[in-house]
Amino acid sequence: MAIGWTTNSTSPATRASGCATPAALTCAARVPPRALAALLPTRLRGTFPRALTIEGQIVMLKTHHCGSLRQEHVGQQVTVAGWVHNWRDQGGLVFLDLRDRSGVLQVAIDREKQPEAHALATQARSEWVLQIVGTVVRRPAGMENPNIATGEVELHASAVSVLNRAKTPPFYINRDDRVEESLRLRYRYLDLRRERMQRNLILRHRVIKFIRDFLDAEGFLEIETPILFKTTPEGARDYLVPSRVHPGKFYALPQSPQQLKQLLMVAGYERYFQIARCFRDEDQRGDRQPEFTQLDMEMSFVEREDVLQLIERMMIEIVETLTDRQLLAKPFPRLTYQEVMERFGSDKPDLRYDLAAIDVSEIATQSDFAVFKDAVTAGNPVKAIRVPGAGNQSGGQLRKFHSAYEERVRAVGGKGLGYLVLPAEAGGEVKGSVAKFFSPELQALLFEATQAQPGDVLFLLAEARPVIYGMIDVLRRSLAEEFNLADPNTMAFCWTLDFPLMEWNPDENRWDPSHHLFTAPVPEDEHLLDSAPGQVRGQQYDLVCNGYEVAGGSIRIHRQELQEKIFGLIGLDMVDAKERFGHMLEAFTYGAPPHGGIAPGIDRLVMLLAGEPNIREVIAFPKSQMAIDLMVSAPSEVYPEQLEELSIQLALADEAEPE
RNA sequence: GCGGUGGUGGUGUAGCCGGUUAACAUAUCGCCCUGUCAAGGCGAAGAUCGCGGGUUCGAGUCCCGUCCACCGCGCCA
């Protein structure tokens, strides 16, 4: 049996490479393209080897990718294969737009010149799979199509063969129209054919490849950890997997590889990462799926600063190398937890716009407004949010404007919302619900403190923490949406630091770890663990971008006695703790190095880089909000024999009885 | 678990203060057409209005229940 390359090669460059992999379908290994545009399938370049032959039979069904053909190919005979993207039958001349992953190519089939090919082409319909042999031709002058990358050329077909026919798809593949999402999910394999999804998954691939290359160069090892692991009752609900071999016992899918990566540090691997799947059985959101992907990583002999700098460098390079998006600030701003809560009411503020809350308690307490005076007396803050230019509307509009936001504030527990309107011209009258309680001198102080300009509106809020935080957050988000303040092309990263280590849980009457129970306290605060646990700051850090938490991590506790102390504070008695985390405590007695890590969420990161509104758009096969895979109908019932083998009996409530 | 929005030919929408034959675009099918590229022209077919119940002389439309999708709250160490 003779195996070789065909001799009528079209590309000297690829002859030398002798590579059987279509070059255009691989991704540039070392030099990622500068811009997002370079990610488009239409930009993939097709240097392509000759067809592979075995005993003279061509086994590779294409010599070039559709989207790769350019003027330089004019005159060459090529074979392409792909899906019918669109077709236009003009009688004696049929145009087929043939699509493969690299892009779209117009094929012209002439009845007079190629009657057989033409006869087949007239039958072809959307999404049929065709193989077409033809000659690349420069398009006639004036017939170029600048909207597609191959628009200067077209293929004059000499032979058409139908590799497969296709039913009419349930929705348009060739348009970016909105389609009901349940339909997209049911036919996800068709949805994934669409350009938007291909672009997103290619970007996702590039981000992950970039991360692997970057961390490899930094001395990290990629190490896999088990998917079948052990349940840990804290945190989110676990997905459980019954054991056949051990009746009545269960594995749990990892909520994250947290414990394992710390054990890898004890094991001396020093720098670990993994593109890790994580599982949490909680209700869904646009940025939450039951299974999601983290870049899980951990480093030994590092301090907080080392982790922050490494991640920051990586994120900046990802954005600048793989996208056209602008970074709002670099280095990334660093904000303390207290600062973000007081100013933005959220530990993941969207910094693309200001709308920061400013504490005006000192001024408000001098006003005649009892609500503000009482608030300050009770130790609660009075805060102002400046809304630039919002005062330039009629009195009626303003009242409507204010009451709409007052309603939002009430929805999060606020009792009311005061407002002041600065006149557009100097000397004009200051209006608004609380204007009469502030003397002109106090008003001036207020405007100075908030740097208010003519025509601005000031919203004034007085409430106890943490209710006021929720009010600030909801005001910022909804104002930014109404006034279009968030530039979609900007990536506003920041670090949130100095979280409290513990939060008081009044229901359970104990302290809860605010991050997780392996987070180390800030060394200066360690002495407060006994006297004032609520004041202890943790060595925790979150990376925030555009209002989303895109990474969270901490420096860990590596000493057994400190770890035991934390267990005590959160109400875990040592018998319990040993049962659940005995392996960790024991490991820490065998020379655990100081270590820390972080875990960026890949789905959220790619979502932001792609400019998508939810993570389903960057996941190939996501689940619905009810955690259902609409394509395969998972979860599903199982056969009684399967349950029997697992020693499991169902105890369903009547209404949940399976049919 | 709670609240909100939506579900109408294959797809996307209109119809919603109840009233004759459920409208439009597109896709699909047929015929015509040799420079189209969101092709065009002519014609055809295609909908028990998510499902179940109720009110009514009469329900896509009103009411109740239910299912599904999405958004948010709770939840998510």
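Side chains included, hydrogens not; waters and symmetry mates left out as well; all remaining heavy atoms used. Every chain is numbered from 1, with letters handed out A, B, ... down the list of sequences.
A stacked arrangement is assigned to Phe95(A) and the six-membered base ring of U36(B), with a centre-to-centre distance below 5.5 Å and an interplanar angle below 30°.
Out of C76(B), A69(B), U34(B), the shortest distance to the side chain of Ser624(A) is found at A69(B). Closest to the side chain of Glu282(A), from the set G35(B), C75(B), A69(B), is C75(B). Side chain of Leu630(A), nearest nucleotide from G10(B), A69(B), G35(B): A69(B). Comparing U28(B), C71(B), U34(B) by their closest approach to the side chain of Glu112(A) singles out U34(B). Ranking U11(B), A69(B), G74(B) by closeness to the Glu181(A) side chain, first place goes to A69(B). Of the candidates U11(B), G72(B), G30(B), the closest approach to any side-chain atom of Arg285(A) belongs to G72(B). Checking C29(B), C37(B), G12(B) against every side-chain atom of Val179(A), the shortest atom distance belongs to G12(B). Closest to the side chain of Thr168(A), from the set U28(B), G35(B), U11(B), is U28(B). Among the nucleotides C29(B), U36(B), U34(B), the one closest to the side chain of Trp87(A) is C29(B).
If you check distances only, the side chain of Glu180(A) never reaches the base of U11(B) with a donor-acceptor pair under 3.5 Å. Donor-acceptor pairing under 3.5 Å, judged by distance alone, is absent between the side chain of Arg280(A) and the base of C76(B). Side-chain N/O atoms of Glu154(A) and base N/O atoms of G35(B) include a donor-acceptor pair closer than 3.5 Å. Residue-to-nucleotide contacts include a donor-acceptor pair under 3.5 Å from the side chain of Asp110(A) to the base of U34(B). Arg288(A) contributes a side-chain N or O that forms a donor-acceptor pair with the base of C75(B) under 3.5 Å.
Across all strands shown, Gly151(A) has no heavy atoms under 4.0 Å from either base or sugar-phosphate atoms. In this structure, Asp512(A) reaches neither bases nor backbone, as no heavy-atom distance under 4.0 Å exists between it and the strands shown. Residue contacts for Leu183(A): at a heavy-atom cut-off of 4.0 Å it reaches the sugar-phosphate backbone alone, with no base atom in range. If you check every strand for non-hydrogen atoms under 4.0 Å, Arg616(A) touches sugar and phosphate atoms only. As judged by a 4.0 angstrom heavy-atom cut-off over every strand, Gln289(A) is placed among residues making no nucleic acid contact. Within the nucleic acid shown, Asp177(A) has no heavy atom closer than 4.0 Å to any nucleic acid atom. Using a 4.0 Å heavy-atom distance criterion, Ser256(A) is classed as a base contact. Looking at heavy-atom distances under 4.0 Å, Arg139(A) makes contact with a base.
Atom CD of Gln106(A) is separated from atom NE2 of His156(A) by 8.5 Å, given to the nearest 0.5 angstrom. A distance of 10.0 Å separates CD of Gln539(A) from CD1 of Ile557(A), quoted to the nearest 0.5 Å. Within the model, atoms CD of Glu549(A) and NZ of Lys348(A) stand 7.0 Å from one another, a figure rounded to the nearest 0.5 Å. Rounded to the nearest 0.5 Å, atoms CD (Glu298(A)) and OH (Tyr272(A)) are 8.5 Å apart.
Atom P of nucleotide C33(B) and atom NE2 of His118(A) are separated by 10 Å, given to the nearest angstrom. If you measure from atom CG of Asn174(A) to atom P of G10(B), you get 19 Å, rounded to the nearest angstrom. Across the protein-nucleic acid pair, Asp283(A) atom CG and C76(B) atom P stand 11 Å apart, rounded to whole Å. With rounding to whole Å, Arg178(A) atom CZ is found 18 Å from A27(B) atom C1'. Following rounding to the nearest Å, Met143(A) (CE) and G35(B) (C1') show an atom-to-atom distance of 5 Å. Rounded to whole Å, the distance from CE on Met631(A) to P on A69(B) is 15 Å.
Taking the C1' atom of each, G10(B) and C29(B) are spaced 13 Å apart, rounded to whole Å. The same atom, P, is picked in G46(B) and in G3(B); the two are 42 Å apart, to the nearest Å. Here the separation of U21(B) from C63(B), taken at their P atoms, is 24 Å to the nearest Å. Rounded to the nearest Å, the gap between the P atom of G19(B) and that of C71(B) is 34 Å. One C1' atom belongs to G7(B), the other to G15(B), and the distance between them is 15 Å to the nearest Å.
Aromatic pair Phe518(A)/Phe581(A): centroids less than 6.0 angstrom apart. Remark: aromatic rings of Trp504(A) and Trp511(A) are close, center separation under 6.0 Å.
Across the strands present, A45(B) finds no partner; the criterion is a Watson-Crick or G-U wobble pair with both atom distances under 3.5 angstrom.
Comparing Asp287(A) and Gln255(A) against RNA chain B, the residue whose closest nucleotide sits nearer the 5' end is Asp287(A).
With salt bridges taken as basic N to acidic carboxylate O contacts below 4.0 Å, one links Arg184(A) and Glu617(A).
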